[in-house]
Amino acid sequence: MTSKPTVAVLGPGGVGGLLAALLSRAGHRVICLAREGTAEVLRRDGIQVRSGQFGDFGAAVEAHTELREPVDVCLIAVKHTTLDAALTRIPPAVLGDALVVPLLNGVEHPASLRTRYVPELVAPATIRVESTRVQGGDGEGVVIEHGSPFTEIDLAGAATVRPRLDALAPALTAAGVTARVVDDETAALWAKMAFLAPAALLTARYEVSIGEARTRYRAELEALVAETAEVARACGAPADPAGSLARYDLFPTAARTSMQRDAEAGRALELDAIGGALLRAAERHGVAVPVAGRLVRELGGAGA
């Protein structure tokens, strides 16, 4: 992999759009894959970013509805609810030997992706960020609002692709992201789940910001963090409940989770990928998760 790999981004939304813009600004060739209306706007206007961490800037990107040539890396940044349809934009024969780096929430997607692409080339990553696309393309422009004071990525994968991950991490870091390679995929995915699930379930259920969730609903938040930490440990991953609670306090008071935004907009929730996966893992390992179970049921019961 060269020092400036060519990167395809499937799903130029809050996360994918931010990464696409940062990589483009750093001199990478970036190809966004999206619906025709969004792709047309991206080709014409690029991506506009509003960020306290990175400043306000614009970045030019290429854009198509389907991958047309091999790339070095393909970042998958769509929601679980649209994953199957979106993957038709990345034909395996065209992808070649590119690294496939999913940035999805949850813990079950790597197994699914490995049935479609070369298994060892699927290198799951987790990202910690609060970022959203506030204008969605189709003639309106693509604007990304990045609200968190950090953007952190952990990369994991097979030993055979470790040298490529070791090259990708500094490329991301040079673009502004704090990126590192970790040894344990399961630990990385569950560390993200243990942090994401409590905030996502609580903010979506009560329709409150992260700031209000960590104050008004503190007892439930602490219970959720304890439950998810216990499930993570049962799955063989270390857990840091105190660290999770401390990181919630770093978010701006008005910050919202992606599940909360989806609930407010009437979009399909990633409830099964987050809450459902948590409950399934808890059941497999005999871990009681009463608070998480109740919130999943109240949010719609998917995966319960």
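Computed from a predicted structure; not experimentally measured.
When all heavy atoms of Leu67 and Pro91 are compared, the closest pair comes out as O-CD, 4.0 Å. When all heavy atoms are compared, the tightest approach of Ala60 to Ser24 is O-OG, 2.6 Å. Minimum interatomic distance between Ser244 and Val225 (heavy atoms only, all atoms of both residues): CB-CG1, 4.3 Å. Residues Arg218 and Asp249 come closest through the heavy atom pair NH1-OD1, 3.4 Å. Here the shortest heavy-atom pairing between Ala123 and Pro102 reads O-CD, 3.5 Å. The two atoms that bring Leu42 and Cys32 nearest to each other are CD1-CB, 3.9 Å, heavy atoms only.
Atom CZ of Arg116 sits about 9.5 Å away from atom CG of Leu95, to the nearest 0.5 Å. For the atom pair CD1 of Ile153 and CD1 of Ile127, the computed distance is 4.0 Å after rounding to the nearest 0.5 Å. Interatomic distance, CG of Leu201 versus CG of Leu271, reported as 7.0 Å (0.5 Å rounding). Between Leu33 atom CG and Arg68 atom CZ the span is 9.5 Å, to the nearest 0.5 Å. Put simply, CD1 on Ile210 and CD on Glu130 are 6.5 Å apart, with the number rounded to the nearest 0.5 Å. Distance check: Thr126 OG1 to Asn105 CG gives 10.0 Å after rounding to the nearest 0.5 Å.
Side chain of Ser51 to backbone of Gln53: a donor-acceptor contact under 3.5 angstrom is found. Side chain of Arg162 to main chain of Ala156: no donor-acceptor pair is present (N/O by atom type, distance under 3.5 Å, no hydrogens or angles). Judged purely by atom type and a 3.5 angstrom limit, Thr132 has no side-chain atom pairing as donor or acceptor with the backbone of Gly14. Panel note: side chain Arg114, backbone Pro119; a donor-acceptor pair is recorded below 3.5 Å. Under a 3.5 Å cut-off, the side chain of Glu227 and the backbone N or O of Val291 do form a donor-acceptor pair. The backbone N or O of Phe195 lies less than 3.5 Å from a partner atom in the side chain of Tyr248, making a donor-acceptor pair. Thr173 places a side-chain N or O within 3.5 Å of a backbone atom of Ala169 that can act as its donor or acceptor partner. Without hydrogens or angle criteria, Asp72 side chain to Thr6 main chain gives a donor-acceptor distance under 3.5 Å. Proximity of a side-chain donor or acceptor of Gln260 to a complementary backbone N or O of Val208 within less than 3.5 Å is detected. Distance alone, capped at 3.5 Å, places no donor-acceptor pair between the Arg233 side chain and the Pro238 backbone.
One hydrophobic cluster, built from ILVMFWY side chains closer than 4.5 Å, holds both Val142 and Phe54. Transitive grouping of hydrophobic side chains (ILVMFWY, heavy atoms separated by less than 4.5 Å) keeps Leu19 and Leu104 in distinct clusters. If you chain together hydrophobic residues whose side chains sit under 4.5 Å apart, Leu155 and Val71 never meet in one group. In terms of hydrophobic clustering, with Ile, Leu, Val, Met, Phe, Trp and Tyr side chains grouped at heavy-atom distances under 4.5 Å, Leu224 and Val287 are assigned to a common cluster. Grouping the Ile, Leu, Val, Met, Phe, Trp and Tyr side chains by contacts below 4.5 angstrom, directly or via other members, places Tyr117 apart from Val101.
Two residues are said to be in side-chain contact when any heavy atoms from C-beta on lie closer than 4.5 Å; Leu189 and Pro110 meet this criterion. Thr160 has its side chain out of reach of Leu121: every pair of non-hydrogen atoms, C-beta onward, lies at least 4.5 Å apart. Under the 4.5 Å side-chain criterion, counting only non-hydrogen atoms from C-beta, Asp272 is in contact with Arg280. The side-chain heavy atoms of Ile76 and Leu87, taken from C-beta on, include a pair separated by under 4.5 Å. Put simply, the side chain of Val9 does not reach to within 4.5 Å of the side chain of Ile31, judged on heavy atoms. Taking 4.5 Å as the limit, some side-chain heavy atom of Glu220 sits within range of a side-chain heavy atom of Arg294. Side-chain contact between Ser258 and Lys79: present, with at least one pair of heavy atoms (C-beta onward) separated by less than 4.5 Å. No side-chain heavy atom of Met193 sits under 4.5 Å from any side-chain heavy atom of Thr228.
A salt bridge does not link Arg43 with Glu62: none of the charged nitrogens is closer than 4.0 Å to a carboxylate oxygen. Using a cutoff of 4.0 Å between basic side-chain nitrogens and carboxylate oxygens, Glu298 and Arg205 are scored as salt-bridged.
Residues in residues 142-151 take part in these salt bridge (Lys or Arg N to Asp or Glu O under 4.0 Å) pairs, two or more places apart or across chains: Arg50-Glu145.
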For this session: Start with the C-alpha gap between Leu99 and Val161, add the side-chain angles, then the distance that decides, and say whether side-chain contact (heavy atoms from CB on, under 4.5 Å) holds.
Result: CA-CA 8 Å; Leu99 278 178; Val161 298; 3.9 Å; yes
Problem set entry | Evaluation steps, side-chain hydrogen bond (donor to acceptor under 3.5 Å, both in side chains), between Glu36 and Thr65 | CA-CA 6 Å; Glu36 179 54 46; Thr65 58; 4.7 Å; no
Problem set entry | Check against side-chain contact (heavy atoms from CB on, under 4.5 Å), Val134 and Ile144 | CA-CA 6 Å; Val134 295; Ile144 305 298; over 6 Å; no
Exercise. Would Lys4 and Arg29 satisfy side-chain contact (heavy atoms from CB on, under 4.5 Å), going step by step from the backbone distance to the final call?
Worked result: CA-CA 8 Å; Lys4 291 190 183 298; Arg29 183 184 176 207; over 6 Å; no
Exercise. Is there a salt bridge (Lys or Arg N to Asp or Glu O under 4.0 Å) between Arg256 and Glu212 once you walk through the steps?
Worked result: CA-CA 10 Å; Arg256 294 181 293 166; Glu212 191 169 355; over 6 Å; no
For this session: With side-chain contact (heavy atoms from CB on, under 4.5 Å) as the test, would you mind laying out the steps for Val181 and Asp154 before giving the verdict?
Result: CA-CA 6 Å; Val181 182; Asp154 289 346; over 6 Å; no
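The aromatic rings of Phe150 and Phe251 stand perpendicular to each other, their planes meeting at an angle above 60°, with 30° marking the opposite boundary.
If you run salt bridge (charged side-chain N to carboxylate O under 4.0 Å, His left out) between Glu152 and each of Arg247, Arg128, Arg180, Lys192, only Arg128 comes through.
Residues satisfying the ring pair (Phe, Tyr, Trp, His ring centres under 6.0 Å) test with Tyr206, not counting sequence neighbours, are Tyr217. The ring pair (Phe, Tyr, Trp, His ring centres under 6.0 Å) test applied to His109 returns His80, not counting sequence neighbours.
For Glu264, the CD atom is densely surrounded, since the number of other residues' heavy atoms within 6.0 Å is greater than 12.
Taking the ring axis of Phe57 as reference, the NZ or CZ atom of Arg25 stays within 45° of it and closer than 6.0 Å to the ring centre.
Side chain to side chain, Thr151 and His146 meet the donor-acceptor criterion of an N or O pair below 3.5 Å.
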